[in-house]
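For reference, the structure discussed in these notes is given below.
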Amino acid sequence: MPELPEVETTRRGVAPWCLGEVVEALVVREPRLRWPVPPRLGQQLVGQRIEAIDRRGKYLLFRTAAGSLLVHLGMSGSLRVVDAGQLPGRHDHIDIRLQSGACLRYHDPRRFGCFLWLEPGELHPLLSQLGPEPLAAEFDGDHLFRLSRGRTSAVKSFIMDAKVVVGVGNIYANEVLFLSGIHPRRAAGRVSQARYQILGNNIKQVLTSAVEQGGTTLRDFVGGDGKPGYFAQRLYVYGRGGEDCKACGSRLREIRLGQRTTVFCVTCQR
DNA sequence: CGCTGACCCTGACGGC
DNA sequence: TGCCGTCAGGGTCAGC
């Protein structure tokens, strides 16, 4: 599912159809998402003008004068612009119909995503604990180094912790650790400051590049405009367990770490 | 406080 | 062909 670049790609894809538009109707066919879709969401959203679409980590925020719609795509969610006349398919759970005739359609087979409402100025608990944006200036290797002191959990789990930094999901965690030469199971507290500088820089570089490429296409991901991303061709380790390391030729090893598949090179990563 | 594992849900895929 | 186990890009939560 979407990691940060996919969410950003979705944001950019849908924005041209949404900004300045008034919501005509909210159609909820299936309210059972990660949390139930609030019954009052329609009343809150309909009639409002979408003034901005922001992203915080992997959350999207549709801003209106009355409050904000908070959307998370979960593992399998997508948001696409379709013509209002297009019939919904299986797992097309929610439509946001705009007065222009366009329709934002939320599709999510696994239903791990969410649609929630935020009052103006409300700091939702889901957002209040989040760490810095990886592409912001306040995130860097020093931030990782400081937070990691004394931590015994694996550095891979550490960088995937949204309280540490948002937006680093399983694909990019694997990639970034490979590029940094760091063993994913190494204790976070036992990675040097110098290596965290490298890791921090690689997180910024890889996510920036992935956003520019339009995200990573795996299985069914498509951006808001329906076009697939092209980052998948550039993956070094994710999905390549048992294959040869592109740097040294060793066979890539695959392990489970915090219930997530982890792929790394025993030669390149220490 | 930090860490681990269960859990939420559907679908795809491989082995038998 | 079907059945079964496993796995999938997310995150929360309880328990230690």
Side-chain angles (χ1 to χ4, degrees), chain A residues 1-10 29-37 55-60 70-79 89-94 106-116 124-131 134 146-177 184-190 206-207 210-211 213-223 228-242 254-263:
Chain A
M1 162 328 129
E3 298 199 27
L4 185 147
E6 286 73 17
V7 178
E8 179 62 19
T9 298
T10 297
R29 295 180 203 85
E30 172 57 88
R32 295 175 303 166
L33 303 185
R34 178 68 172 81
W35 295 282
V37 177
R55 180 187 57 73
R56 179 73 176 96
K58 296 171 191 166
Y59 292 92
L60 289 171
L70 178 65
V71 176
H72 196 290
L73 302 177
M75 211 65 144
S76 57
S78 64
L79 212 45
R90 189 163 161 75
H91 304 307
D92 285 343
H93 303 315
I94 300 174
Y106 177 70
H107 174 87
D108 187 4
R110 294 177 72 181
R111 295 190 274 116
F112 286 173
C114 67
F115 268 58
L116 297 171
H124 197 279
L126 289 170
L127 304 180
S128 67
Q129 305 271 50
L130 295 179
R146 266 183 269 111
L147 277 189
S148 64
R149 292 309 88 184
R151 306 268 297 242
T152 56
S153 64
V155 63
K156 176 165 179 267
S157 305
F158 175 71
I159 61 170
M160 289 179 70
D161 181 350
K163 292 195 278 299
V164 174
V165 57
V166 297
V168 182
N170 198 34
I171 298 178
Y172 299 112
N174 279 298
E175 293 303 306
V176 149
L177 288 169
R185 208 157 45 189
R186 172 174 287 272
R190 310 192 80 202
V206 167
L207 290 180
V211 168
Q213 301 290 316
T216 303
T217 289
L218 291 172
R219 299 183 180 82
D220 56 359
F221 175 75
V222 287
Y230 292 95
F231 197 73
Q233 304 150 22
R234 305 182 44 183
L235 297 176
Y236 285 95
V237 289
Y238 182 83
R240 299 192 62 243
E254 188 168 308
I255 60 173
R256 298 287 289 178
L257 213 160
Q259 5 265 69
R260 303 266 164 182
T261 296
T262 302
V263 187

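Just so it is clear, the model here is predicted, and its values are computed rather than measured. So that the names make sense, note that chain A is the first sequence line, chain B the second, and so on, each numbered from 1.
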Scan A:S157 against the nucleic acid and name what it touches under 4.0 Å (heavy atoms): base, sugar-phosphate only, or nothing.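 Here A:S157 touches no strand at all.
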
Using a heavy-atom cut-off of 4.0 Å across all strands, would you classify A:R260 as base, sugar-phosphate, or nothing? base

I'd like to check the side chain to side chain contact (heavy atoms under 4.5 Å, CB included) partners of A:F112; sequence neighbours left out, ordered by chain and number.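 A:F112 satisfies side chain to side chain contact (heavy atoms under 4.5 Å, CB included) with A:M75, A:R110 once adjacent residues are dropped.
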
Using atom [atom1] of [X] as one end and atom [atom2] of [N] as the other, report the distance to the nearest whole Å.
X: A:N170; N: C:dG11; atom1: CG; atom2: C1'; answer: 13 Å
X: A:Y238; N: C:dC7; atom1: OH; atom2: P; answer: 13 Å
X: A:L60; N: C:dG11; atom1: CG; atom2: P; answer: 12 Å
X: A:R149; N: B:dG2; atom1: CZ; atom2: C1'; answer: 15 Å
X: A:F158; N: B:dG2; atom1: CZ; atom2: P; answer: 10 Å
X: A:E6; N: C:dG10; atom1: CD; atom2: P; answer: 9 Å
X: A:L70; N: C:dG10; atom1: CG; atom2: P; answer: 17 Å
X: A:L33; N: B:dC7; atom1: CG; atom2: C1'; answer: 17 Å

Contiguous pairing runs of three or more, Watson-Crick or G-U under 3.5 Å, that involve DNA chain B: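 If one scans DNA chain B for consecutive Watson-Crick or G-U pairs, the stems found are B:2-8 with C:10-16, B:10-16 with C:2-8.
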
Return the set of residues passing side chain to side chain donor-acceptor pair (under 3.5 Å) with [X] (not counting sequence neighbours), or none when no residue passes.
X: A:R56; value: A:E133
X: A:R111; value: none
X: A:K58; value: none
X: A:R32; value: A:E30

Which atoms form the tightest heavy-atom contact between A:R149 and A:A188, and what is the distance?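 Looking at all heavy atoms of both residues, the closest pair is NH2-O, 3.5 Å.
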
Which listed nucleotide ([options]) is nearest to the side chain of [X]?
X: A:W35; options: B:dG11, C:dT12, B:dC8; value: C:dT12
X: A:R151; options: B:dG11, B:dC3, C:dG11; value: B:dC3
X: A:Q259; options: B:dC7, B:dG11, B:dG2; value: B:dC7
X: A:R34; options: C:dG11, B:dG11, B:dC9; value: C:dG11

Toward the 5' end of DNA chain C, which comes first, A:G167 or A:R110, by nearest nucleotide?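 That would be A:R110.
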
With stacking defined as ring centroids separated by under 5.5 Å and planes differing by under 30°, is A:F112 stacked against B:dC9? no

For [N] and [X] - does any side-chain N or O of the residue sit under 4.0 Å from the phosphate oxygens OP1/OP2?
X: A:T152; N: B:dC3; result: yes
X: A:H91; N: B:dG11; result: yes
X: A:S153; N: B:dG2; result: no

In whole angstrom, give me the gap between the P atoms of C:dC13 and B:dC9.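 Roughly 15 Å separates the two P atoms.
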
Answer yes or no: side-chain N or O of A:R111 and base N or O of B:dC9 forming a donor-acceptor pair under 3.5 Å. no

With hydrogens left out and only the distance checked, is there a donor-acceptor pair under 3.5 Å joining A:R256's side chain and the base of B:dG5?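 A donor-acceptor contact between them is absent.
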
Answer yes if the side chains of A:H107 and A:D92 hold a donor-acceptor pair under 3.5 Å, and no otherwise. yes

Short N-O contact, A:D108 and A:R34, less than 4.0 angstrom: no

